[in-house]
Colleague: 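Pasting a structure below so you can have a look.
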Amino acid sequence: MSHKAAIPIGPYHPLQEEPEFYKLIVEGEKVVDVDVRIGYNHRGIEKISEAKSYDQSLFIVERICGICSSSHPIACAQAVEDIAKFEVPERALYIRTVCQELERLHSHMLWLGLAGHFLGYNTVFMWAWKYREPICDIFETVTGNRQNYAMHKIGGVRRDIEKEHIPYILKRLDEFTKQLNMLKGAVLDDPVLHERLKGVGVLTKEDAIDYSALGPTARASGIDIDVRRDYPYAAYDKIKWNVITLEEGDVFAKTVVRILEMFESVSIIRQCLDKMPQGPIDSNPKDIPPGEGIGQIEAPRGECFHYIKSDGTNSPMRHKIRAPTYMNFPTFRETVIGETISDAAIILAAIDPCYCCTERMLIVDDHDKQVMGVFELIRLSQEKTARIKDRYALS
Amino acid sequence: MGLKEKILSKSLYVFHLSSGSCNNCDIELIDCLTPRYDVERFGIVLVGSIKHADVLLCTGSANRLAIPRIKKLYEQMPQPGYVIVYGACGSSRGLFKDSYNTGQPLDEIMPVDVYIPGCPPRPEAIIMGFEKLIEKINSRKEAR
Ligand code: SF4
């Protein structure tokens with residue numbers, strides 16, 4: 001009879017920046033099941049937003065997640081604009097696109113660094129975070145802040161990109177591209193990384209569809225989805241760029257997708273700065289009529305969705321948010337079972353989970369007891385294993 | 001105590017606790033470790049366990065699930081230990097003051113030595129916060 005053991009990770013674990021609790025059920029070296037407890041980051045953002053005015057709720061959604069602090073406000077603004085059918089000036093659309101792509105660059109760079117750190121490549125971690133600094137500098141030039149940009153408002157944007165700043169932005173982008181090329185070479189030509197990441201944590205195309213995976217997680221499994229192309233918003237339909245997809249679905253493919261996407265982002269920003277028309281940046285909308293609206297955008301991790309219902313007052317009646325990790329996270333279970341414990345961390349990291357975004361819903365599980373005996377644990381885990389077996393037998 | 005504090009002020013080992021933050025504070029903190037700001041040159045290192053730490057650096061507005069765990073962590077910290085709270089959320093619960101899931105502010109859970117305000121504070125502010133803490137440790141040392 002084989003012996004099963006449970007390895008608790010978290011909730012405050014050095015591996016993760018954010019609080020989260022996992023229980024990996026292992027048999028020897030192999031992970032046979034995984035369990036997750038969330039709720040350490042729940043702040044009740046939807047409800048706070050419903051108590052604020054529309055202008056204020058943009059600041060609240062900006063603080064859902066530090067990395068997506070441009071995606072959430074744009075999606076929220078789009079939802080409100082959708083209710084009232086506001087026109088957004090074209091220049092504002094271009095500026096939104098620039099912010100979105102800068103955010104993607106900074107997010108993917110950050111991810112690459114953390115992934116390197118999980119693999120024990122601290123050099124990659126240090127490099128990636130160092131090369132992320134030019135992006136933060138550009139953000140500071142464009143929006144005035146390194147993080148939490150407070151840039152977007154309903155009907156437009158708050159700050160314009162000055163003509164004098166464009167040469168500086170282009171210069172920093174050039175620097176960034178050079179370093180990105182170097183990093184791309186260092187990561188993709190490294191035989192150790194090939195060995196370590198290829199064939200690890202494979203998410204098949206069928207599973208990706210079943211779990212409704214989004215963003216780079218889905219695109220690395222061969223699903224060709226991208227909100228920027230499928231439901232164009234901001235200025236994406238006026239610009240030439242490609243959706244990167246790969247077929248393999250393993251961690252390596254997810255890395256490659258993210259790295260190649262960064263090159264696309266740089267090209268999008270260049271085109272935007274080049275084509276940006278002159279004109280106003282804000283349409284100063286006044287009243288918001290009763291109705292419903294949605295806003296969809298492609299955040300760095302996938303589609304981010306906001307739904308707002310208005311009753312004609314100045315605060316939302318219902319505000320619903322779905323962040324991409326909410327869909328991507330369950331794929332972790334599909335990919336990690338059967339792998340070794342040592343790969344679990346990188347497989348989890350590969351979906352680039354963002355709990356701050358996801359945790360607006362609290363799930364109280366009735367068998368979540370604080371003290372759990374070993375036997376109970378094993379029984380539970382065996383039951384779970386049996387359930388998985390059943391499912392495989394059925395399908 | 002004097003000797004311990006003298007040694008402490010030379011190199012602070014920091015345990016980072018995210019008690020329900022928006023991630024930005026954590027990103028800026030990790031940014032401090034990387035080449036541009038590099039706090040390691042001041043002897044400040046992030047450690048993996050509270051039992052190795054001299055400083056508990058806490059970000060975010062503690063939510064109800066986190067509060068008992070924060071208390072437990074604080075109790076496990078070896079003494080003399082110091083607490084820094086980082087960001088508007090940590091100092092005053094910030095935007096999440098009215099949330100149904102936010103409990104007491106961090107400074108009612110444990111004694112706080114240094115507050116670093118901002119949303120998020122810039123990495124320079126973190127370095128300054130550490131400087132303030134070292135000053136505080138030194139002044140205590142002299143008082144004894
Ligand atoms: S202080 Fe601001 S940046 Fe820091 S966790 Fe709170 S909301 Fe986020």
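Here is how names work: the chains are called A, B, and so on, in the same order as the sequence lines, proteins then strands, and each is numbered from 1.
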Colleague: Quick one: CZ on B:Arg36 to CG on A:Asp137, what's the gap to the nearest 0.5 Å?
Modeller: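 If we round to the nearest 0.5 Å, B:Arg36:CZ and A:Asp137:CG are 4.5 Å apart.
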
Colleague: If I measure from the heavy atoms of chain A, does B:Cys119 come under 4.5 Å with its side chain, its backbone, both, or neither?
Modeller: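 B:Cys119 touches chain A through backbone and side-chain heavy atoms alike.
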
Colleague: Nearest 0.5 angstrom please: B:Thr34 OG1 to A:Phe125 CZ, how far?
Modeller: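 Separation between the atoms: 6.5 Å.
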
Colleague: To the nearest 0.5 Å, how far apart are CD1 in B:Ile27 and CG in A:Leu110?
Modeller: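 One gets 5.0 Å once the value is rounded to the nearest 0.5 Å.
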
Colleague: How long is the span from the CZ atom in B:Arg122 to the CD atom in A:Glu140, to the nearest 0.5 Å?
Modeller: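 If we round to the nearest 0.5 Å, B:Arg122:CZ and A:Glu140:CD are 4.0 Å apart.
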
Colleague: For B:Tyr74, does the OH atom sit with more than 12 other heavy atoms under 6.0 Å from it, leaving out its own atoms?
Modeller: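 Atom OH in B:Tyr74 is packed in, count exceeds 12.
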
Colleague: How about A:Met317: does its CE atom have over 12 heavy atoms from other parts shown lying under 6.0 Å from it?
Modeller: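 Count not over threshold, so no.
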
Colleague: Under the side-chain contact (heavy atoms from CB on, under 4.5 Å) criterion, do B:Asn24 and A:Glu62 qualify, and how do the steps go?
Modeller: CA-CA 10 Å; B:Asn24 257 346; A:Glu62 184 161 50; over 6 Å; no

Colleague: Can you tell me how far apart CD1 (A:Ile45) and CZ (B:Phe96) are? Round to the nearest 0.5 Å.
Modeller: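 With rounding to 0.5 Å, CD1 (A:Ile45) is 4.5 Å from CZ (B:Phe96).
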
Colleague: Atom CG in B:Asn23, atom CD in A:Gln147: separation rounded to 0.5 Å?
Modeller: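 Answer rounded to 0.5 Å: 9.0 Å.
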
Colleague: Inspect the contact between A:Lys130 and B:Asp38 and indicate whether a charged nitrogen and a carboxylate oxygen are less than 4.0 angstrom apart.
Modeller: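 No.
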
Colleague: So A:Ile48 and B:Lys97, do their side chains get closer than 4.5 Å, heavy atoms only?
Modeller: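 Heavy-atom side-chain distance check fails, nothing below 4.5 Å.
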
Colleague: If you look at every heavy atom in A:Lys52 and B:Asp98, which pair is closest and at what distance?
Modeller: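 It is NZ-OD2, 3.9 Å.
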
Colleague: Measuring heavy-atom distances to chain B, does A:Arg63 have an atom under 4.5 Å in its side chain, in its backbone, in both, or in neither?
Modeller: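 For A:Arg63, heavy atoms of backbone and side chain both lie under 4.5 Å from chain B.
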
Colleague: Salt-bridge test for A:Arg132 and B:Asp31: reply yes if a basic N is under 4.0 Å from a carboxylate O, no otherwise.
Modeller: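 Yes, charged N to carboxylate O under 4.0 Å.
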
Colleague: With only heavy atoms counted, which part of B:Ile50 is less than 4.5 Å from chain A, the side chain, the backbone, both or neither?
Modeller: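 B:Ile50 has no heavy atom closer than 4.5 Å to chain A.
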
